[in-house]
Amino acid sequence: MDFASLPHRFGERDAIGDLRTAEDGLEPEQAGTQSWRIAGRVLGRRGQGGVSFIDLEDMSGRVQLLADLEQLGEETFEQVRSVSIGDLIGVVGTATRTRRGELSVKVAEWIELAPCRLPFPDRHHGLQDVEVRHRQRYLDLMTDPEARDRFVARAKMVASIRRTLDDANFVEVETPVLQPLYGGAAARPFVTHHNTLDRDLYLRVATELYLKRLVVGGLERVYELGKDFRNEGVSPKHNPEFTMLEFYEAYADCEDVMTRTEQIVTAAALAVCGTTKVTVKDQEIDFGVPWQRMTLGEAIEQKTGINPLTLGRDPQPLVDYLKSQGIDTSRDKTWAQLVDHMLSHYVEPTLIAPTFLVDYPVELSPLSRRKPGGEGLVERFEAFCGGMEISNGFSELNDPDDQRARFEEQAAAGRAGDEEAHPLDEDYVTALEYGLPPTGGVGLGIDRLAMLLTAQDTIREVILFPAMRT
RNA sequence: GGGCCGUUAGCUCAGCUGGUAGAGCAGGGGACUCUUAAUCCCAAGGUCGUAGGUUCGAUCCCUACACGGCCCA
């Protein structure tokens, strides 16, 4: 094919899926009357002398083309006969069903649209090389309908989440990706440089602090769906850039946003799967409300026999326990880090059905509001499902003095070597000084939810272009 | 960051713990007028991830590195 002579458009195109539905009633050797204009990629080719069969696929489905030498004449038939697997072509023709019963389109016009110049992957086995599937995702999508379905499902999930929030009068906003100061999550940031301003900027690790500034400003219900960036390792559950939903709701507390989280996820499951029941790691789980709830302390106690939240802030019993189980505690410098370690080691992998853990220690939650009655707890939850954290939310701390004190504790932890500690954000404290209403807020990991709703056990299968070494 | 496993034709895979590599598909040529993993014939296709080392001889054994995967941190 000579590119210069190829058409620039193929208008008034019919979807192959629509054709299949409309012509499904044809009997073998019966011809339809309607003329169809379809286009797509050639995925199969079978010659039989003066008859050629082509498999053509578009986004909506696949159909067989039937080309007849006598009907097309030698020149056009030769074009059909010599098409390569992978070529993009358009066809005009009527439907028919072959003697063998295969719904087909009898080619009347044959329009070459774009060639595939490189050898096509094996069409029986598909692409097996995980590295190639990720680096050249277009090949994965071309050859594996399930891969396409997965990303369509993800899009449906995101659309459902937007719908749920929009219907509840949330305003979708966009806040800076490039931030002079990062915050809102315990994570190491990426650093970049602005040439004209001649200053370093951070890629956001969360949208939290900007969104709460907007609530201070009077946007009482806001959400943002976008990429966060965390400078940490890649794993089946981690990609350095990932998609996060955060929403904030004024005049609501932790309990309210837990309920809303259930509502959002249940609706998304229905939108993607048509049911709230999905199969994760060979186990059926039900996103239907209400989800299980227990306190963090109870959850740890269930697995270890120790409830660290009833033992004061003494790290020693926790160190003793973990060491007795052969676990390396050398990186856990504080009581709070030990609790976190116990949570992620003993509890998180076992939480398959959707579960809320509540009552987190204040040391792990520098932006959450304290639980009345003290005990060093905050009004916070994390939601787990499929053995991983999918969501985190709380009653937002709106006391500027307490917030400043928490930031200062974080800064001290940072000086002591905690690379994930929050830096002090003066402007955020200033915003709180103007008055943040009582507010509940949530972060929800979109990639992880997509993993659950599409039954994938690695995040790379729900991210189109996952991070790879160059 | 550490441990283990993997890397052979464009794709999917064989290759006997040492004697310079094979098949199917795709791509090229041909036959075939209802095939559907079409079939049949012909030809072509390789720096065996990279670089060293051991050896008369390395896809195979050893070392380092690259990339990927799993587990641990």
Side-chain angles (χ1 to χ4, degrees), chain A residues 1 20 26-31 41-57 61-74 76-78 80-87 93 95-107 115-144 188 231-239 322-323 325-333 337-338 340-342 344-346 348-349 387 419-420 456-461 465-470:
Chain A
M1 294 189 205
R20 294 203 74 97
L26 288 176
E27 297 294 325
E29 297 198 71
Q30 186 185 352
R41 195 179 288 278
V42 171
L43 289 183
R45 200 187 65 174
R46 293 169 294 283
Q48 182 76 36
V51 179
S52 268
F53 300 93
I54 306 288
D55 292 327
L56 189 69
E57 185 174 85
R62 185 186 291 207
V63 73
Q64 176 174 269
L65 307 179
L66 169 57
D68 189 298
L69 170 60
E70 283 178 19
Q71 187 184 345
L72 286 178
E74 241 172 72
T76 304
F77 185 78
E78 180 54 27
V80 176
R81 210 190 58 82
S82 64
V83 74
S84 290
I85 303 289
D87 285 354
T96 185
R97 198 178 283 282
T98 62
R99 283 170 209 165
R100 295 286 180 86
E102 180 78 23
L103 183 64
S104 306
V105 172
K106 196 153 197 183
V107 177
C116 175
R117 297 206 297 202
L118 294 172
F120 208 72
D122 186 293
R123 70 177 194 272
H124 312 308
H125 304 93
L127 263 187
Q128 298 301 315
D129 186 327
V130 174
E131 184 175 353
V132 175
R133 289 185 35 243
H134 294 162
R135 286 189 193 278
Q136 295 177 275
R137 181 68 85 180
Y138 47 90
L139 292 177
D140 187 29
L141 294 170
M142 256 181 235
T143 53
D144 183 4
R188 297 167 62 184
N231 206 337
E232 47 202 33
V234 299
S235 85
K237 290 175 190 168
H238 297 86
N239 197 60
L322 288 168
K323 282 192 172 160
Q325 300 297 305
I327 292 172
D328 176 16
T329 58
S330 61
R331 288 175 184 236
D332 303 320
K333 299 198 167 52
Q337 285 170 344
L338 287 159
D340 201 28
H341 194 162
M342 292 175 90
S344 51
H345 191 267
Y346 291 106
E348 181 169 359
E419 290 179 313
E420 296 187 344
Q456 296 301 305
D457 50 21
T458 119
I459 199 169
R460 295 178 210 107
E461 295 306 342
F465 298 99
M468 308 281 277
R469 283 177 208 263
T470 46

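First the proteins, then the strands, lettered A, B, ... as listed; each starts at 1.
Salt bridge present: A:E29 and A:R99 bring a charged side-chain N and a carboxylate O closer than 4.0 Å. Under 4.0 Å is where a charged nitrogen must lie from a carboxylate oxygen, and between A:D328 and A:K323 no such pair does. A:R188 has a carboxylate O that lies under 4.0 Å from a charged side-chain N of A:E419, or vice versa, which qualifies the two as a salt bridge.
The partner of B:C70 is B:G3, by the rule that a Watson-Crick or G-U pair needs both atom distances under 3.5 Å. With a cut-off of 3.5 Å on both pairing distances, B:A26 has no Watson-Crick or G-U wobble partner at all. With a cut-off of 3.5 Å on both pairing distances, B:U47 has no Watson-Crick or G-U wobble partner at all.
If you take CG of A:D129 and P of B:G68, they are 11 Å apart, rounded to a whole angstrom. The separation between A:Y138 atom OH and B:C11 atom P is 12 Å, rounded to whole Å. Distance, A:Q128 CD to B:C11 P: 12 Å, rounded to whole Å. When rounded to the nearest whole Å, the span between CG of A:D122 and C1' of B:G10 equals 11 Å. Atom CZ in A:R135 sits about 11 Å away from atom C1' in B:A66, given to the nearest Å. One atom, CZ of A:R45, and another, P of B:C25, lie 13 Å apart when rounded to the nearest Å.
Not one N or O on the side chain of A:R45 forms a donor-acceptor pair closer than 3.5 Å with the backbone of A:I85. The closest donor-acceptor contact from the side chain of A:S235 to the backbone of A:H238 lies under 3.5 Å.
Among the heavy atoms of the strands lying under 4.0 Å from A:R460 are primed sugar atoms or P, OP1, OP2 only; no base atom is included. Heavy atoms of A:L118 sit nowhere under 4.0 angstrom from any nucleic acid atom.
Using modelled atom types, one finds a donor on one side chain and an acceptor on the other under 3.5 Å when comparing A:E461 with A:H134. A:Q337 and A:R331 form no side-chain donor-acceptor contact under 3.5 Å, judged by distance and modelled atom types alone.
Heavy-atom minimum distance, A:P28 versus A:G101: CG-CA, 4.4 Å.
B:A37 sits 15 Å from B:C11 when the C1' atoms are compared, rounded to a whole Å. For the P atom pair drawn from B:C60 and B:U54, the interatomic distance equals 15 Å after rounding to whole Å. B:G27 and B:G10 are spaced 8 Å apart, taking the C1' atom of each and rounding to whole Å. Nucleotides B:G6 and B:C65 place their C1' atoms 16 Å apart, quoted to the nearest Å.
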So which protein N/O to nucleotides 31-36 of chain B N/O distances come out below 3.5 Å?
{"unit_1": "B:C32", "atom_1": "N3", "unit_2": "A:G49", "atom_2": "N", "d": "3.2"}
{"unit_1": "B:U33", "atom_1": "O4'", "unit_2": "A:Q48", "atom_2": "O", "d": "2.9"}
{"unit_1": "B:U33", "atom_1": "O4'", "unit_2": "A:G50", "atom_2": "N", "d": "3.1"}
{"unit_1": "B:U33", "atom_1": "N3", "unit_2": "A:E70", "atom_2": "OE2", "d": "3.4"}
{"unit_1": "B:U33", "atom_1": "O4", "unit_2": "A:E70", "atom_2": "OE2", "d": "2.7"}
{"unit_1": "B:C34", "atom_1": "O2", "unit_2": "A:R99", "atom_2": "N", "d": "3.2"}
{"unit_1": "B:U35", "atom_1": "OP2", "unit_2": "A:R100", "atom_2": "NE", "d": "2.4"}
{"unit_1": "B:U35", "atom_1": "OP2", "unit_2": "A:R100", "atom_2": "NH1", "d": "2.9"}
{"unit_1": "B:U35", "atom_1": "OP2", "unit_2": "A:R100", "atom_2": "NH2", "d": "2.2"}
{"unit_1": "B:U35", "atom_1": "O2", "unit_2": "A:R46", "atom_2": "NE", "d": "2.8"}
{"unit_1": "B:U35", "atom_1": "O2", "unit_2": "A:Q64", "atom_2": "OE1", "d": "3.1"}
{"unit_1": "B:U35", "atom_1": "N3", "unit_2": "A:Q64", "atom_2": "OE1", "d": "2.9"}
{"unit_1": "B:U35", "atom_1": "N3", "unit_2": "A:Q64", "atom_2": "NE2", "d": "3.0"}
{"unit_1": "B:U35", "atom_1": "O4", "unit_2": "A:Q64", "atom_2": "NE2", "d": "3.0"}
{"unit_1": "B:U35", "atom_1": "O4", "unit_2": "A:T98", "atom_2": "OG1", "d": "2.6"}
{"unit_1": "B:U36", "atom_1": "O4'", "unit_2": "A:R46", "atom_2": "NE", "d": "2.9"}
{"unit_1": "B:U36", "atom_1": "O2", "unit_2": "A:Q64", "atom_2": "OE1", "d": "3.3"}
{"unit_1": "B:U36", "atom_1": "N3", "unit_2": "A:E102", "atom_2": "OE1", "d": "3.4"}

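Of the two residues near RNA chain B, A:T470 and A:P119, the one whose nearest nucleotide lies more 5' is A:P119. Comparing A:S82 and A:G126, the nucleotide of RNA chain B nearest to each residue sits closer to the 5' end for A:G126.
When distances run from any side-chain atom of A:L127 to the nucleotides B:A37, B:G27, B:C11, the shortest one goes to B:C11. In this structure, of B:A73, B:C67, B:A37, it is B:A37 that holds the atom nearest to the side chain of A:H124. Residue A:R123 places its side chain closer to B:C25 than to any other of B:U12, B:C25, B:C70.
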